[in-house]
Asks: 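Supplied in structure tokens, the structure appears directly below.
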Number of protein chains: 2
Amino acid sequence: MNSPHFSTKQRILDSAEALFARHGFAGASLRQVTAAAKVNLAAVNYHFGSKENLINEVFRRRLDVLNSERLQALSAALAAPEVRLEDVLAAFIRPALAMAQDEHGGAGFVRVLARAYAEHNTQLRKFLHDNYSPTLKQFAAAFARLLPHLDKQELYWRLDIVSGALTYAMADFGLIKRRGTTPQQHQELAVQHLIKFAAAGLRAP
Amino acid sequence: MNSPHFSTKQRILDSAEALFARHGFAGASLRQVTAAAKVNLAAVNYHFGSKENLINEVFRRRLDVLNSERLQALSAALAAPEVRLEDVLAAFIRPALAMAQDEHGGAGFVRVLARAYAEHNTQLRKFLHDNYSPTLKQFAAAFARLLPHLDKQELYWRLDIVSGALTYAMADFGLIKRRGTTPQQHQELAVQHLIKFAAAGLRAP
DNA sequence: CTATCCTTCAAACGCCCGTTTGAGCGCGCG
DNA sequence: CGCGCGCTCAAACGGGCGTTTGAAGGATAG
């Protein structure tokens with residue numbers, strides 16, 4: 001990571017993501033970030049203007065990718081001859097967990113995301129809402145068609161629960177010990193268990 | 001809150017909990033904490049020794065209460081003539097959500113808890129594990145008896161998912177808009193939806 | 001009343017923070 | 001060629017940080 005042939009901006013973003021994940025936005029200093037990125041301290045303010053702006057860029061870089069991967073997977077699921085609930089759930093869950101396990105810092109980003117939720121930072125929440133809401137709406141519409149027995153309120157409650165379990169799994173908060181499994185195997189197990197559990201929960205009368 | 005007839009220690013704990021929730025452990029300074037608590041700056045180091053120790057005490061104060069409430073509710077559920085899955089789930093879920101909505105700062109504590117999870121602070125995670133694990137084991141045993149079709153691995157995966165959804169609900173991360181409902185009504189709805197969803201997910205083949 | 005102990009206080013300690021500055025560098029365009 | 005521009009650099013700025021100090025307060029026990 002941070003090998004010298006990457007640009008200064010990218011090295012800063014990578015280091016910032018990792019250090020924000022480990023120590024929080026306030027806990028990770030620009031001096032730590034620039035030292036890890038092997039760039040000059042002033043480079044942050046030169047390229048990003050401020051620490052606050054750097055934080056926003058750390059988010060933006062990842063969220064665009066996640067949204068497009070999810071929507072692409074959703075399209076594929078909806079294009080199948082028979083639309084299965086499990087496939088729509090997979091379109092929602094798998095890209096998120098894949099990013100969480102991604103070798104290039106994705107794991108760190110997810111913790112940054114969880115941390116952003118934990119802070120009640122209004123501006124950041126609005127940013128996240130603005131970026132997630134359209135995607136969530138498309139999924140909600142697909143789920144609504146597959147689960148006609150649920151009214152809108154009921155559906156949103158259940159999708160909220162699914163999001164919660166997913167977020168928790170992404171951040172690897174869980175207590176499950178992964179003995180003798182690779183991270184990839186662990187991720188695939190998490191995907192399968194989440195889909196099975198969520199499908200049953202969503203189908204409940 | 002922080003009315004002058006409470007002790008200095010208690011006022012510091014209350015203010016620290018609220019400010020840690022809002023700004024993080026690193027983001028909330030002892031000067032902010034002591035100003036909010038209307039005590040002298042040096043009182044923190046006098047009563048708690050260090051900021052690190054103050055953080056630990058913020059946790060300890062709440063976790064003991066939560067654990068005992070959960071175990072008491074579990075005992076009651078297991079003492080009933082017919083042990084129902086939904087009742088055991090309620091014993092796990094309701095005390096947690098009740099604390100999250102508790103008027104005296106509990107909401108803040110839950111965000112502190114979520115934040116502690118987001119940080120991969122090894123020492124803090126160990127502390128939380130040591131304090132939660134015995135309770136979780138008792139619940140796992142109860143669930144195992146009610147769900148004989150699940151092997152141990154499968155059960156732990158599913159309880160992990162339930163914990164995730166519950167944590168998310170506790171921190172009020174959700175996107176559900178609470179129009180025209182009191183926090184108490186919202187909490188009761190969350191409890192009911194979580195129980196229904198989790199029961200279906202746990203019973204899935 | 002005095003002595004003791006617990007608590008509070010203002011002030012100061014050295015340290016690290018985010019940001020700014022202005023000089024220096026090197027590449028590519030006119 | 002040489003000039004300009006994008007970028008990097010070391011250094012410094014004021015300010016907030018966690019912690020320590022030693023004196024002052026105030027209740028209680030002898």
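Lettering of chains follows the sequences in order, A, B, ..., and the numbering in each one begins at 1.
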Asks: Tell me which of B:Tyr46 and B:Gln32 sits closer to the 5' end of DNA chain D, going by the nucleotide each one is nearest to.
Replies: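 Whichever sits nearer the 5' end wins; that is B:Gln32.
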
Asks: Do B:Lys51's NZ or CZ and the ring of B:Phe25 fall within the cation-pi criteria of under 6.0 Å and 45°?
Replies: no

Asks: For a quick test of reading the model: is some side-chain N or O of A:Ser29 closer than 4.0 Å to OP1 or OP2 of C:dC17?
Replies: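 Answer yes for this pair, as a side-chain N or O of A:Ser29 is under 4.0 Å from OP1 or OP2.
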
Asks: Take atom CG of A:Asn45 and atom P of D:dG6, then tell me their distance rounded to the nearest Å.
Replies: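 Between P of D:dG6 and CG of A:Asn45: 18 Å.
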
Asks: Keeping to residues at least two apart or across chains, list the salt bridge (charged side-chain N to carboxylate O under 4.0 Å, His left out) pairs with something in residues 88-99 of chain A.
Replies: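 Every salt bridge (charged side-chain N to carboxylate O under 4.0 Å, His left out) pair that includes a residue of residues 88-99 of chain A, provided the two are not neighbours, is A:Arg94-A:Glu188.
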
Asks: Give me the distances for all protein-to-nucleotides 24-27 of chain C N/O pairs that come in under 3.5 Å?
Replies:
none

Asks: Select from A:His47 and B:Asn40 the residue whose nearest nucleotide in DNA chain D is closer to the 5' end of that strand.
Replies: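 Going by which nucleotide is closer to the 5' end, it is A:His47.
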
Asks: Counting only side-chain heavy atoms from C-beta out, which of D:dT20, C:dG18, D:dA10 sits nearest to A:Ala42?
Replies: D:dA10

Asks: Please state whether the rings of B:Phe92 and B:Phe139 are parallel, tilted or perpendicular, taking 30° and 60° as the class boundaries.
Replies: perpendicular

Asks: So, taking the atom named CG in B:Leu71 and the one named OG1 in B:Thr135, what distance separates them when rounded to the nearest 0.5 Å?
Replies: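 Rounded to the nearest 0.5 Å, the CG-OG1 separation comes out at 4.0 Å.
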
Asks: Atom CD of B:Glu52 to atom P of D:dT19: distance rounded to whole Å?
Replies: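 So the two atoms are 9 Å apart, to the nearest Å.
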
Asks: Whether B:Ser50 contacts D:dG18 is assessed here as follows: a side-chain N or O lying under 4.0 Å from the phosphate OP1 or OP2. Is that the case?
Replies: no

Asks: Measure from NZ on B:Lys38 to C1' on C:dC9 and round the result to the nearest Å.
Replies: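 Computing the B:Lys38:NZ to C:dC9:C1' distance gives 18 Å.
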
Asks: Indicate, with a heavy-atom threshold strictly under 4.0 Å, whether B:Ala43 touches base, sugar-phosphate, or nothing.
Replies: nothing

Asks: Quick one: A:Leu30 CG to C:dT20 C1', roughly how many Å, whole number?
Replies: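 Computing the A:Leu30:CG to C:dT20:C1' distance gives 13 Å.
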
Asks: Out of B:Leu13, B:Val39, B:Thr34, which one pairs with B:Thr8 under the side chain to side chain contact (heavy atoms under 4.5 Å, CB included) rule?
Replies: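 Per the side chain to side chain contact (heavy atoms under 4.5 Å, CB included) rule, the option paired with B:Thr8 is B:Val39, out of B:Leu13, B:Val39, B:Thr34.
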
Asks: Between B:Leu41 and B:Thr8, just flag the one whose closest nucleotide in DNA chain C comes earlier from the 5' side.
Replies: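 Residue closer to the 5' terminus by nearest nucleotide: B:Thr8.
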
Asks: If you look only at pairs with a residue in residues 40-50 of chain A, which of them pass as a side-chain hydrogen bond (donor to acceptor under 3.5 Å, both in side chains), with sequence neighbours excluded?
Replies: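 Not a single pair qualifies under side-chain hydrogen bond (donor to acceptor under 3.5 Å, both in side chains).
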
Asks: For B:Ile12 and D:dG18, give me the distance from atom CD1 to atom C1', rounded to whole Å.
Replies: 14 Å

Asks: B:Arg11 and B:Lys38: which non-hydrogen atoms are nearest, and at how many Å?
Replies: NH2-O, 3.2 Å

Asks: I need the CG-C1' distance between A:Asn53 and C:dG18, as an integer number of Å.
Replies: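 It works out to 14 Å between those atoms.
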
Asks: Classify the side chain of B:Arg31 and the base of D:dG16 as holding, or not holding, a donor-acceptor pair under 3.5 Å.
Replies: no

Asks: What is the distance, rounded to the nearest whole Å, between atom NE2 of A:His23 and atom P of C:dC17?
Replies: 11 Å

Asks: Rounded to whole Å, please give me the gap between CZ in A:Phe48 and C1' in C:dT20.
Replies: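 The distance from CZ of A:Phe48 to C1' of C:dT20 comes to 18 Å, rounded to the nearest Å.
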
